[in-house]
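Worksheet for the structure shown next.
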Amino acid sequence: MSYLIDFQNVSFTYAGAKQPAIQDINLEIQPGEIVLITGPAGSGKTTLCSCINGLIPHYHEGSLKGHVKIGQYDTRKSRVGGLASLVGMVFQDPESQLITNNVLDEIAFGPENLGVSREEINQRIQAALVATRLNGYEEREPHNLSGGEQQACVIAATYAMHPEIYVMDEPLANLDPAGRAYILNLVVQVAKDRAKTLVIVEHSLEETLPLVERVIIMNKGKIIKDGPTHEILKGGDIPQVFKRPDIMRLAEEFKLDGLPLNPQQFQQYLRSKYQLNKLSPSPYLNGHKPSGQAIIEFENVCFSYDDEKETLEDISLKIYPGELVAIMGRNGSGKTTLVRHIIGLQQPSVGRVTVNGMDVAHTPTHVLARDVGFCFQNPNHQIVSFTVREEMLFGLKSHNIDPAEFDQRIQEALQIVDMEDMLNQEVFDLGKGQKQRLTLASVLTLKPKILVIDEPTTGQDPEMVDEIFTIIKRLNDAGTTILLITHKVDYAAMYATRALVLKEGRISFDGHIQALMQNHQLMTENSLELPELTKLAVELGDLGVPNWVVSYEDMKDHLRQIVGVQHGN
């Protein structure tokens, strides 16, 4: 039986909200279609997805107008449990979806509730473990996994249910670069092989666009564009709403005869259109070496969550005042565990960690927090209040800051993260990206000397990612020492000079980020992908384009030089 997704004049307003989250949605998604839904954070994408599996109106309180039908089922009249056999959904926050005590039970839970035979369940579990790279994780407790591993676990559980419709709300957000490409290709291939419908909500357009047939763009609760992928791409960018990948924008800039989806196509189009010049060699940028007294020091640190395997093994490193260090590596490599030692949330099993000369093993966390601001990967682990204002006040009161300074500090911090108009907003109404900026703002009210940020761009649209990294750079320029866990190699290369790569709890690389990007084998071993523009630079390496280019403006400048007068201005 086929299951058409049919929205008929649908609007939904959350309880207590003044504006509808989605409005006037008329939409049909045919059985077997592979569809991308994109648009700015807060544009209604997640709300629309929650209508497909019946969470709206049965779980989220509010006012629903119109009808959503899945095949012959009206979601108003169907139970969420019944729709779960048809619609498999991966939420934006994977942790909220985990309910059992180990990965094996998590994957088995859905098929068991659908009455699948034990033999068939076992087969589905094994296939899901292999498909999501979770072999060997069967007995691990899901809530102790890294964010990326949790996301893979939820995808495995959905995979094992064999739904008719897959709805994936930012399934790539917490995954390492290699994992993103792997999982995305997997879910698309599964949908094609099983002839099922796939709806993906995603900001990572470089990976997603080549694989989808149709693109729906949302803004302010409405669908503003909907069509075949190639038509949407030909239609150009929509300021503040939709920005095509840099490769495509460069192709338009240089009037190429096609719209390439990858660096290989771009260089083919470029070489066929122009007689290209060769560049003179570009100097290698080594950056500066820090000096002086280390502000953070790890000395032969080992740490284990259990007796079986070390999560951190023999870590020795020094962080100097004013550095901006990008910490990278595949999911589960120990990145979050490493930085949790800096604020005393974890204590070394062996070795010593000092911050500003204080041994974290003998220093209370609240004392360390005077110098160290910490932003968790999942903002829900950090937020303790009901409104933005209360959340901002919490840290100030806890650290006995002079109440006369409260308003100014709050205003300055909210202005930095572009949330000054949300002071009286309820935290429940914020999206994950907004919650992440709120936690950053609340930390900034304390004016820390050291800022540790764990994956700040999860759930952020491209414009917000730019804003977040601009904020980080501004804070670093003002003297704040920053340790940044990120999977965004391109942004790390643009803003950080030092990269620290972890592999299975050990330091695999510690040095200038350009040196890392030129070591392709090491990057591959650590599930790191070269940015698309860097891949293009490699393709054009015979023309002298340096193989460490990451920014759009730098690549445009190099292309103008190799194209020469034929391109003009």
Side-chain angles (χ1 to χ4, degrees), residues 1-5 29 31-35 46 49-56 58-59 68-73 75 78-135 137-138 140 142-143 145 149-172 174-175 179 182-201:
M1 185 175 180
S2 62
Y3 293 90
L4 172 74
I5 300 171
I29 298 176
E33 271 198 288
I34 297 175
V35 180
T46 296
C49 289
S50 296
C51 292
I52 297 175
N53 72 346
L55 288 177
I56 291 174
H58 300 295
Y59 179 77
V68 181
K69 291 188 175 181
I70 309 299
Q72 78 268 35
Y73 299 104
T75 58
S78 303
R79 294 184 304 107
V80 174
L83 289 170
S85 64
L86 302 177
V87 182
M89 184 158 175
V90 175
F91 294 103
Q92 189 178 23
D93 177 9
E95 192 172 24
S96 67
Q97 208 165 342
L98 299 169
I99 53 175
T100 66
N101 292 323
N102 62 54
V103 169
L104 198 70
D105 289 345
E106 195 68 41
I107 298 172
F109 184 82
E112 284 173 347
N113 280 275
L114 296 177
V116 177
S117 70
R118 173 51 57 187
E119 182 181 1
E120 174 69 14
I121 288 174
N122 288 336
Q123 290 175 0
R124 291 190 187 187
I125 288 171
Q126 292 309 312
L129 287 169
V130 171
T132 54
R133 307 186 304 173
L134 287 175
N135 266 330
Y137 285 73
E138 291 87 342
R140 294 279 298 275
H143 289 279
L145 299 176
E149 290 166 339
Q150 287 180 346
Q151 202 142 25
C153 183
V154 170
I155 291 170
T158 304
Y159 179 95
M161 289 180 69
H162 289 204
E164 296 294 325
I165 298 165
Y166 293 83
V167 180
M168 303 213 161
D169 190 358
E170 298 206 40
L172 312 182
N174 294 311
L175 298 173
Y182 180 85
I183 290 293
L184 184 59
N185 279 282
L186 167 73
V187 295
V188 169
Q189 197 57 51
V190 166
K192 287 181 176 178
D193 291 346
R194 296 177 179 173
K196 306 304 182 186
T197 308
L198 173 61
V199 178
I200 304 175
V201 172

Quick one, V87 with I5, criterion side-chain contact (heavy atoms from CB on, under 4.5 Å). Give me CA distance, side-chain angles, the key distance, then yes/no. CA-CA 10 Å; V87 182; I5 300 171; over 6 Å; no

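- With sequence neighbours left out, the side chain to side chain donor-acceptor pair (under 3.5 Å) criterion links N185 to no other residue.
- Evaluation of the side chain to side chain donor-acceptor pair (under 3.5 Å) rule for N53 yields no partner, not counting sequence neighbours.
- Legend: salt bridge (Lys or Arg N to Asp or Glu O under 4.0 Å) pairs involving residues 189-201, not counting sequence neighbours, sorted by first then second residue: E164-K196.
- Taking each heavy atom of L198 and A191 in turn, the nearest pair found is CB-CB, 3.8 Å.
- A distance-only check finds a donor-acceptor pair linking the side chain of Q97 to the backbone of F91 [under 3.5 Å].
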Does the side-chain contact (heavy atoms from CB on, under 4.5 Å) test come out yes or no for C153 and L134, once each step is laid out? CA-CA 7 Å; C153 183; L134 287 175; 4.1 Å; yes

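- A distance of 15.0 Å separates OH of Y3 from NZ of K69, quoted to the nearest 0.5 Å.
- Applying the side chain to side chain contact (heavy atoms under 4.5 Å, CB included) test to C49 and every residue at least two apart in sequence or in another chain returns M89, V167, V201.
- Rounded to the nearest 0.5 angstrom, Q189 CD and I34 CD1 are separated by 8.5 Å.
- Remark: V130 engages N135 in a side chain to side chain contact (heavy atoms under 4.5 Å, CB included) (not counting sequence neighbours).
- N102 is linked by a side chain to side chain donor-acceptor pair (under 3.5 Å) to D105, counting only residues two or more places apart in sequence or in another chain.
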Could you please spell out the steps behind the side-chain contact (heavy atoms from CB on, under 4.5 Å) verdict for L4 and I29? CA-CA 6 Å; L4 172 74; I29 298 176; 5.9 Å; no

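- Shown here are the side chain to side chain donor-acceptor pair (under 3.5 Å) partners of E106, two or more places apart in sequence or in another chain: T100.
- Residues I165 and L86 are not in side-chain contact: their nearest non-hydrogen atoms beyond the backbone lie 4.5 Å or more apart.
- Applying the side-chain hydrogen bond (donor to acceptor under 3.5 Å, both in side chains) test to pairs two or more places apart or on separate chains, those with a residue in residues 120-130 are E120-R124.
- Closest of all the heavy-atom pairs between T197 and G32 is OG1-N, 3.0 Å.
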Verdict with reasoning, T158 to V187, per side-chain contact (heavy atoms from CB on, under 4.5 Å): CA-CA 10 Å; T158 304; V187 295; over 6 Å; no

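- The line from CG of L83 to OG1 of T75 is 7.0 Å long, rounded to the nearest 0.5 Å.
- Partners of A108 according to the side chain to side chain contact (heavy atoms under 4.5 Å, CB included) rule, which considers only residues two or more places apart in sequence or in another chain, are E112, I121, I125.
- The two residues A128 and A156 come nearest to each other via the heavy atoms CB-O, 3.5 Å.
- Applying the salt bridge (Lys or Arg N to Asp or Glu O under 4.0 Å) criterion to E95, with sequence neighbours excluded, gives no partner residue.
- Between L145 and L98 there is no side-chain heavy-atom pair separated by less than 4.5 Å.
- Between the CD1 atom of I200 and the CG atom of D169 there is a distance of 11.0 Å, given to the nearest 0.5 Å.
- Under the rule for a side chain to side chain contact (heavy atoms under 4.5 Å, CB included), the partners of L186 that lie at least two apart in sequence or sit in another chain are A131, T132, Y159, I183, V190.
- Summarising the geometry, atom CZ belonging to R133 is positioned 10.5 Å from atom CD1 belonging to I155; distances are rounded to the nearest 0.5 Å.
- Atom CG in L114 sits 4.5 Å away from atom CE in M161 (nearest 0.5 Å).
- In terms of the salt bridge (Lys or Arg N to Asp or Glu O under 4.0 Å) criterion, R140 has no residue partners (sequence neighbours excluded).
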